[in-house]
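Worksheet: one structure, shown below.
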Amino acid sequence: QRVTNPNNFSIRWRGTISVPNTNYYRFAITSQDDVRLSIQGIRIITNSVDTSPRSKISPGLYLESGKNYFIELEFRETAGNASISMNLQT
């Protein structure tokens, strides 16, 4: 018996990231449905897609090596296949 509906759910990931080198970084997220990404409590990506997955890239953020940055990624699935991926770019 299925306990969880494969649609109409949300999830929130929280943690910290650190970067190997001080530089400007961009976060790239590809998702279907709704996604929000915050770094240090500042929303940097909001994306709402109803159909096939689409990508959204944040503005460049200056991150320093050796520091931990709080990250929160929220995802909401409404219908279809759930998909989300995140990459860090310099």
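Quick caveat: nothing in here was measured; it's all calculated off a predicted structure.
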Say you draw a straight line from [atom1] of [X] to [atom2] of [Y]; how long is it, rounded to the nearest 0.5 Å?
X     : Y     : atom1 : atom2 : value
Ser38 : Ile44 : OG    : CD1   : 7.5 Å
Ile42 : Leu37 : CD1   : CG    : 11.5 Å
Arg26 : Asn87 : CZ    : CG    : 14.0 Å
Leu63 : Tyr24 : CG    : OH    : 10.0 Å
Met86 : Phe27 : CE    : CZ    : 6.0 Å
Arg12 : Glu74 : CZ    : CD    : 4.5 Å

Check [X] against [Y] and note the closest heavy-atom contact, atom names and distance.
X     : Y     : value
Ile45 : Ile57 : CD1-C, 4.2 Å
Lys67 : Ser18 : O-CB, 3.3 Å
Arg76 : Asp33 : O-CB, 2.9 Å
Phe75 : Ser31 : CE1-CB, 4.3 Å
Pro20 : Ser65 : O-OG, 3.2 Å

Sidechain-backbone polar pair: [X] side chain, [Y] backbone, donor-acceptor under 3.5 Å:
X     : Y     : value
Glu77 : Phe9  : no
Thr46 : Arg36 : no
Tyr69 : Val19 : no

Item to complete: Flag yes if Leu88 and Leu73 sit in one hydrophobic cluster, no otherwise; membership is Ile, Leu, Val, Met, Phe, Trp, Tyr, and two members link when side-chain heavy atoms are under 4.5 Å apart.
Response: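 Leu88 clusters together with Leu73.
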Fill in: Same apolar cluster (I L V M F W Y, side chains within < 4.5 Å links), Phe70/Ile29
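No; Ile29 is not reachable from Phe70 via cluster members.
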Worksheet entry | Side-chain heavy atoms of Tyr62 within contact of Thr22, under 4.5 Å |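 Tyr62 reaches Thr22 side chain to side chain.
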Worksheet entry | Evaluation steps, side-chain contact (heavy atoms from CB on, under 4.5 Å), between Leu61 and Ile39 | CA-CA 9 Å; Leu61 301 172; Ile39 306 293; 4.1 Å; yes
Discussion item. The test is side-chain contact (heavy atoms from CB on, under 4.5 Å); show your working for Ile84 and Val35 and say whether it passes.
Written reply: CA-CA 9 Å; Ile84 185 168; Val35 67; 3.6 Å; yes
